[in-house]
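First up is the structure itself, then whatever we jot down about it.
Note that the structure is a prediction, hence the values are computed from the model and not measured.
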Amino acid sequence: MLIRIVRMTFQEDKLADFQAIFDRSKQRIRTFPGNHQLDLLRDPSQPNVRITYSLWASVDALEAYRQSELFRTTWAATKVLFAERAVAFSAEKLESVST
């Protein structure tokens with residue numbers, strides 16, 4: 001399983017525009033082959049920051065999404081709303097610790 005985290009800082013007056021884009025695309029992203037989870041988070045100390053947390057079956061599944069028309073159109077509409085460049089990274093879980 002691949003974890004993908006994308007931190008996006010938006011122009012404050014563009015948050016509603018981003019939310020509309022996310023609302024239009026979230027179900028299609030979530031049902032894209034290989035996607036197992038999609039969460040939208042907010043940074044509590046920076047209200048104009050949104051973070052997507054998604055789980056993918058593999059690197060190949062994420063790459064297939066990144067090459068799709070869905071990603072290209074969604075990302076093109078989203079990135080023009082940024083106040084600064086997005087930060088994205090992928091990780092694989094090594095261990096979970098529970099009580």
Side-chain angles (χ1 to χ4, degrees):
M1 192 73 63
L2 186 75
I3 300 165
R4 181 70 169 180
I5 298 171
V6 181
R7 184 180 192 277
M8 301 165 285
T9 304
F10 290 95
Q11 300 168 50
E12 289 185 24
D13 63 336
K14 301 298 184 185
L15 284 167
D17 295 339
F18 167 69
Q19 189 64 53
I21 293 165
F22 187 80
D23 288 344
R24 282 193 307 269
S25 60
K26 64 187 176 185
Q27 288 303 319
R28 291 184 294 152
I29 296 168
R30 178 56 192 89
T31 58
F32 196 89
N35 182 270
H36 292 273
Q37 182 176 335
L38 175 62
D39 297 323
L40 179 62
L41 312 171
R42 181 181 62 202
D43 184 325
S45 64
Q46 294 181 300
N48 62 322
V49 171
R50 297 295 183 269
I51 302 158
T52 56
Y53 175 94
S54 55
L55 298 180
W56 294 88
S58 65
V59 172
D60 290 340
L62 174 60
E63 190 56 29
Y65 166 67
R66 289 176 43 82
Q67 297 301 317
S68 72
E69 183 65 20
L70 172 58
F71 174 81
R72 283 192 297 272
T73 58
T74 302
W75 190 247
T78 300
K79 68 182 181 179
V80 298
L81 308 175
F82 292 160
E84 56 188 69
R85 190 172 184 186
V87 177
F89 61 93
S90 298
E92 294 176 328
K93 186 188 304 187
L94 295 178
E95 188 174 341
S96 288
V97 179
S98 57
T99 58

Backbone of His36 reached by a side-chain donor or acceptor of Arg30 within 3.5 Å: yes
Expected output: side-chain Arg72 to main-chain Gln67 donor-acceptor under 3.5 Å: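 Side chain of Arg72 to backbone of Gln67, a donor-acceptor pair under 3.5 Å: yes, one is there.
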Residue Glu92 excluded, over 12 heavy atoms near CD under 6.0 Å: no
Residue Arg42 excluded, over 12 heavy atoms near CZ under 6.0 Å: no
Do [X] and [Y] have side-chain heavy atoms sitting under 4.5 Å apart?
X: Ile21; Y: Leu81; value: yes
X: Ile29; Y: Leu70; value: yes
X: Val49; Y: Met8; value: no
X: Leu41; Y: Thr52; value: no
X: Asp13; Y: Leu15; value: no

Polar contact flag, side-chain donor to acceptor under 3.5 angstrom, Ser54-Arg4: no
Pair Asn48-Gln46, side-chain donor/acceptor within less than 3.5 Å: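 On atom types as modelled, these side chains do not qualify, holding no pair under 3.5 Å.
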Return the [atom1] to [atom2] distance between [X] and [Y], rounded to the nearest 0.5 Å.
X: Phe32; Y: Arg66; atom1: CZ; atom2: CZ; value: 12.0 Å
X: Phe22; Y: Thr74; atom1: CZ; atom2: OG1; value: 10.5 Å
X: Asp39; Y: Leu55; atom1: CG; atom2: CG; value: 7.5 Å
X: Gln37; Y: Ile3; atom1: CD; atom2: CD1; value: 9.0 Å

Trp56 and Tyr65 aromatic ring geometry - parallel, tilted or perpendicular at 30°/60° bounds: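 Ring orientation of Tyr65 relative to Trp56: parallel.
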Connected-component partners of Val97 among ILVMFWY, side-chain separation under 4.5 Å: none
Co-members of the apolar cluster containing Leu94 [side chain, <4.5 Å]: none
Single-linkage hydrophobic cluster, 4.5 Å side-chain cutoff, Leu2 and Phe71 together: yes
Cluster overlap Phe82 with Val6, hydrophobic side-chain contacts below 4.5 Å: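 Yes, Phe82 and Val6 fall within the same hydrophobic cluster.
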Proximity of Phe18 and Trp75 rings by center, below 6.0 Å: no
Audit row: Leu40, Tyr53, side-chain contact (heavy atoms from CB on, under 4.5 Å) steps and yes/no: CA-CA 6 Å; Leu40 179 62; Tyr53 175 94; over 6 Å; no
Sidechain N-carboxylate O distance under 4.0 Å for Arg50, Asp43: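 Looking at Arg50 and Asp43, the cut-off is not met.
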Lys26: partners by side-chain hydrogen bond (donor to acceptor under 3.5 Å, both in side chains), with sequence neighbours left out: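 Per chain and number, Lys26 pairs via side-chain hydrogen bond (donor to acceptor under 3.5 Å, both in side chains) with Asp23.
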Heavy-atom closest contact (Ala61 atom, Gly34 atom, distance):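 Taking Ala61 first and Gly34 second, the nearest heavy atoms are CB-CA, 3.9 Å.
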